[in-house]
Amino acid sequence: MSLLPQCALALALLLLCGSAWSELPNRNCSELLQVSNPRGIGHSNIRQQGKEGNQQKVCSQLNTCCTFEMEEKLSQQGQQEFNKAVLETSSILLSTFASRYKKFDEFFKELIENAEKSLNDMFVRTYGQLYLQNSEVFQDLFKELKKYYVIGNLNLEDMLSDFWARLLERMFRLVNPQYHFTEEYLECVSKYTEQLKPFGDVPRKLKLQVTRAFIAARTFAQGLSVARDVLNKVSTVNPTTECTNALLKMTYCSQCLGLLALKPCKNYCLNVMKGCLANQADLDTEWNNFIDAMLMVAERLEGPFNIESVMDPIDVKISEAIMNMQENSMQISQKAFQGCGKPKTWSASRSARSVADGFNARFRPYSPEERPTTAAGTSLDRLVTDVKEKLKKAKKFWSTLPHSLCSDNSSASVTEQNECWNGSNKGRYTFAVMGNGLASQLNNPDVKVDITKPDMMIRRQIMALRTMTSKVKNAYDGNDVTFRDTSDESSGEESGSGCFGLDCQSEFEFMSTDAPVVFGPVEPKKIAPKDTAHCIRLSLQVLLMSCLIIILEQQLR
């Protein structure tokens with residue numbers, strides 16, 4: 001019997017599987033033994049010499065240095081490193097929004113407190129006992145302004161109208177001490193406020209300025225708080241099983257083959273990251289809309305809605321209104337008497353104790369060197385200029401996150417060279433890079449993603465951004481919006497307060513996207529590691545049989 005048919009058959013099978021055979025010589029696992037201890041992977045989980053495995057789920061079973069136990073440990077290691085990389089990349093932006101929110105919040109609150117202190121000091125010095133007897137009117141004004149900033153759900157225009165109405169009642173009594181006014185009579189006077197204009201044009205101007213400035217300031221601070229909270233919730237990822245397997249394959253399977261210095265191909269890394277972060281990428285559209293709206297309001301804060309330029313001189317504005325009432329008290333009183341009737345007079349002894357003379361004092365504003373220290377040791381213009389730069393850099397964060405994680409200086413340590421790890425061997429990565437977001441992962445060659453089951457926690461953050469963007473746009477137009485205090489959703493006592501930074505990880509919401517996957521079109525089939533091992537075994541068996549036949553033929557001869 002001729003040797004040619006048997007040898008030809010064996011040779012054909014070897015050529016069919018020859019590439020895997022030639023690329024996978026017996027592994028020397030000594031290098032892997034040297035680098036394993038720092039990762040906490042014991043030597044008992046690494047073979048001294050590469051050989052065929054029979055339990056690995058992800059990495060090649062052929063000529064491998066890794067045991068099943070080591071693959072399990074490497075899988076956990078890869079998941080931890082991925083989580084850490086995402087968290088570290090997000091933490092810079094998270095810290096930025098947390099610190100800027102804290103700074104703006106501190107600034108706005110101090111601004112209100114400084115304005116109240118300035119008014120109190122100046123009115124005590126100017127009006128003395130008369131002011132102290134009526135100070136609750138002014139205290140209530142600032143109390144309501146603080147309440148609006150912290151809680152919201154307050155109509156600023158109505159609140160300011162109430163303040164001027166109460167001030168008119170007190171002033172009307174003071175400039176007409178000889179008359180006895182009932183509550184009903186004073187209510188009648190208040191109805192004629194628009195016609196009387198006792199405080200000149202100050203109430204109208206101040207109402208417009210205060211309303212727009214407070215709406216913009218509060219909304220802007222709350223926007224920074226929402227951005228911080230979104231980052232807080234989304235920056236910790238709960239990878240699916242498919243993602244964890246893909247991370248293991250990309251990061252460590254090459255090392256099990258003894259290819260320790262081989263880095264993943266960059267496009268290969270991008271596809272793995274885009275698959276693992278598909279839900280996060282879906283934040284990008286609403287995130288960018290939110291950033292654009294915040295930048296628009298920032299421009300308003302620098303210009304016509306500048307709360308600092310409104311609150312700093314509010315004591316001067318209110319004093320101007322009071323002086324206008326003093327100077328025109330006779331005309332104002334006569335018009336009121338005509339509309340509401342002549343009030344009753346007090347007895348002679350009561351009339352003699354007139355206090356009207358106390359309002360002959362003229363208001364003296366602070367000189368510049370006497371004015372209180374700027375709120376929070378800075379200015380609104382400086383704060384806004386700084387945060388605008390940070391907002392611009394935050395655009396497209398979610399869609400560029402995979403690129404950040406796969407950059408040359410990232411922990412992924414990728415390479416764009418042809419000589420890189422493509423998931424199965426050393427060579428080029430030939431697949432196209434997927435688009436961003438869940439819907440684009442249908443045909444991801446490296447991570448199987450169920451595009452029909454979005455992460456609901458991520459969807460809630462998308463809705464939170466969409467709602468906040470609407471509020472910010474309303475604030476840009478100077479319109480008030482109904483706020484739900486975000487302290488309901490956080491641990492703080494005021495709007496947007498809560499934990500900052502990376503200490504909040506225990507409060508993150510997790511939503512697994514593990515589910516039966518939706519498969520895309522069938523890709524050209526690659527020879528899997530198991531197939532390769534089987535193919536080589538078959539080739540060896542045929543070769544052995546050929547040799548036996550040769551020996552038998554020789555014996556028979």
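Residue numbers run from 1 in the order of the sequence given.
Looking at Pro454 and Asp282, their side chains never come closer than 4.5 Å, going by heavy atoms from C-beta outward. Contact of the Asn479 side chain with the Lys473 side chain is not registered, since no non-hydrogen atoms from C-beta on lie closer than 4.5 Å. Counting heavy atoms from C-beta outward, Asn324 and Val202 have side chains that stay 4.5 Å or more apart. In this structure, the side chains of Val297 and Thr219 stay at 4.5 Å or more apart for every pair of heavy atoms. Looking only at side-chain heavy atoms (C-beta outward), Lys390 and Arg100 come within less than 4.5 Å of each other. Taking the side chain as every heavy atom from C-beta outward, Pro203 and Leu160 never approach each other to under 4.5 Å. Inter-residue side-chain proximity for Tyr148 and Asn153 is flagged as unmet; no heavy-atom pair is nearer than 4.5 Å. Phe82 places none of its side-chain heavy atoms less than 4.5 Å from the side chain of Thr244.
Thr469 and Asn289 share no donor-acceptor pair across their side chains, judged by distance under 3.5 Å alone. A side-chain donor-acceptor contact under 3.5 Å links Asn120 and Tyr131. Under the 3.5 Å distance criterion, with hydrogens and angles disregarded, a donor-acceptor pair is assigned to the side chains of Asp105 and Tyr149. Side-chain atoms of Asn436 and Ser399 form no donor-acceptor pair, as typed in the model, at a separation below 3.5 Å. For the 3.5 Å distance criterion, the side chains of Ser379 and Asp381 fail to qualify, holding no donor opposite an acceptor. No side-chain N or O of Lys344 forms a donor-acceptor pair with one of Thr182 less than 3.5 Å apart. The closest side-chain donor-acceptor pair between Gln338 and Gln334, if any, does not fall under 3.5 angstrom.
Between Lys103 and Asp386 no salt bridge is recorded (no basic side-chain N to carboxylate O distance below 4.0 Å). Residues Asp229 and Lys233 are not paired through a salt bridge, judged by the lack of any N-O separation under 4.0 Å between the basic side chain and the carboxylate. Ion pair Glu136/Arg170 flagged as a salt bridge, since at least one NZ, NE, NH1 or NH2 atom sits closer than 4.0 Å to an Asp/Glu carboxylate oxygen. Salt-bridge check for Glu299 with Lys388: passed, with a basic side-chain N closer than 4.0 Å to an acidic carboxylate O. Ion pairing between a basic and an acidic side chain is recognised when a charged N comes within 4.0 Å of a carboxylate O; Arg466 and Glu286 show such pairing. A salt bridge links Asp201 to Arg204: at least one charged side-chain nitrogen sits closer than 4.0 Å to a carboxylate oxygen. The residues Glu183 and Arg173 are annotated as salt-bridged, a charged nitrogen and a carboxylate oxygen being separated by less than 4.0 angstrom.
Between the Gln139 side chain and the Glu116 main chain, no donor and acceptor come within less than 3.5 Å of each other. The backbone N or O of Asp158 lies less than 3.5 Å from a partner atom in the side chain of Asn155, making a donor-acceptor pair. Judged purely by atom type and a 3.5 angstrom limit, Ser99 uses its side chain to pair as donor or acceptor with the backbone of Thr96. Within the 3.5 Å criterion, the main-chain N or O of Ser333 finds no donor-acceptor partner in the side chain of Asn176. Side-chain atoms of Ser319 never come within 3.5 Å of backbone atoms of Asp315 as a donor-acceptor pair (strictly under, hydrogens ignored). Under the 3.5 Å distance criterion, the side-chain polar atoms of Arg218 are matched with a main-chain donor or acceptor of Ile151. Side-chain N or O atoms of Thr400 include one that pairs as donor or acceptor with a backbone N or O of Phe397 at under 3.5 Å. Without hydrogens or angle criteria, Asp284 side chain to Trp398 main chain gives a donor-acceptor distance under 3.5 Å. No donor-acceptor distance shorter than 3.5 angstrom exists from the side chain of Ser118 to the backbone of Ala115, with no hydrogens or angles considered.
Only one option out of Leu156, Val310, Leu206 pairs with Thr211 in a side-chain contact (heavy atoms from CB on, under 4.5 Å); it is Leu156.
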How far apart are the C-alpha atoms of Trp287 and Phe97, what are their side-chain angles, what is the distance that settles it, and do they pass the ring-ring contact (aromatic ring centres under 6.0 Å, His included) test? CA-CA 13 Å; Trp287 176 264; Phe97 279 105; 5.8 Å; yes
Please step through side chain to side chain contact (heavy atoms under 4.5 Å, CB included) for the pair Glu169 and Val189, ending with a clear verdict. CA-CA 8 Å; Glu169 291 178 9; Val189 173; over 6 Å; no
With side chain to side chain contact (heavy atoms under 4.5 Å, CB included) as the test, would you mind laying out the steps for Tyr101 and Gln222 before giving the verdict? CA-CA 8 Å; Tyr101 164 72; Gln222 197 180 41; over 6 Å; no
Going through the distances and angles, do Arg228 and Ser225 end up as a side chain to side chain contact (heavy atoms under 4.5 Å, CB included)? CA-CA 5 Å; Arg228 175 206 63 193; Ser225 168; 3.3 Å; yes
Please determine whether ring-ring contact (aromatic ring centres under 6.0 Å, His included) holds for the pair Phe305 and Phe214, giving the CA-CA distance in whole Å, both sets of side-chain angles, and the decisive distance to 0.1 Å. CA-CA 8 Å; Phe305 295 4; Phe214 266 78; over 10 Å; no
Checking salt bridge (charged side-chain N to carboxylate O under 4.0 Å, His left out) for the pair Glu113/Lys146: CA distance, chi angles, key distance, verdict? CA-CA 9 Å; Glu113 291 170 2; Lys146 289 178 193 173; 5.1 Å; no
Worked verdict on Met159 versus Leu141 for side chain to side chain contact (heavy atoms under 4.5 Å, CB included): CA-CA 8 Å; Met159 182 271 292; Leu141 168 66; 3.8 Å; yes
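A distance of 11.5 Å separates SG of Cys276 from CG of Asn238, quoted to the nearest 0.5 Å. Taking CZ of Phe163 as the reference point, atom CG of Asp140 lies at 10.0 Å (rounded to 0.5 Å). Note that CD of Glu242 is 11.5 Å distant from CG of Asn444, once rounded to the nearest 0.5 Å. Atom CG of Leu405 is separated from atom CG of Leu277 by 6.5 Å, given to the nearest 0.5 angstrom. To the nearest 0.5 Å, atoms CD1 (Ile215) and CG (Asn474) are separated by 9.0 Å. Interatomic distance, CE of Met325 versus CG of Leu196, reported as 8.5 Å (0.5 Å rounding).
Ser440 approaches Met434 most closely through the heavy-atom pair O-SD, 3.7 Å. For the residue pair Gly437 and Ala281, the shortest heavy atom distance occurs at N-CB, 3.5 Å. Considering every non-hydrogen atom in both Ala298 and Val384, the closest pair reads O-CG1, 3.5 Å. The heavy-atom pair separating Asn279 from Arg459 by the smallest distance is OD1-NH2, 3.7 Å. Between Ser190 and Leu168, the shortest heavy-atom contact is CA-CD2, 4.3 Å. Nearest approach of Ile112 to Met311, heavy atoms of both residues: CA-CE, 4.3 Å.
For Lys317, the NZ atom sits in a loose shell: 12 or fewer heavy atoms of surrounding residues, nucleotides or ligands are nearer than 6.0 Å.
Ring geometry, Phe123 versus Phe138: the interplanar angle exceeds 60°, so the pair is classed perpendicular (tilted spans 30 to 60°). In this structure, Trp164 and Phe199 have tilted ring planes: the angle between them lies in the 30° to 60° band.
For the pair Arg300 and Tyr476, the cation-pi test (distance below 6.0 Å, angle within 45°) is passed.
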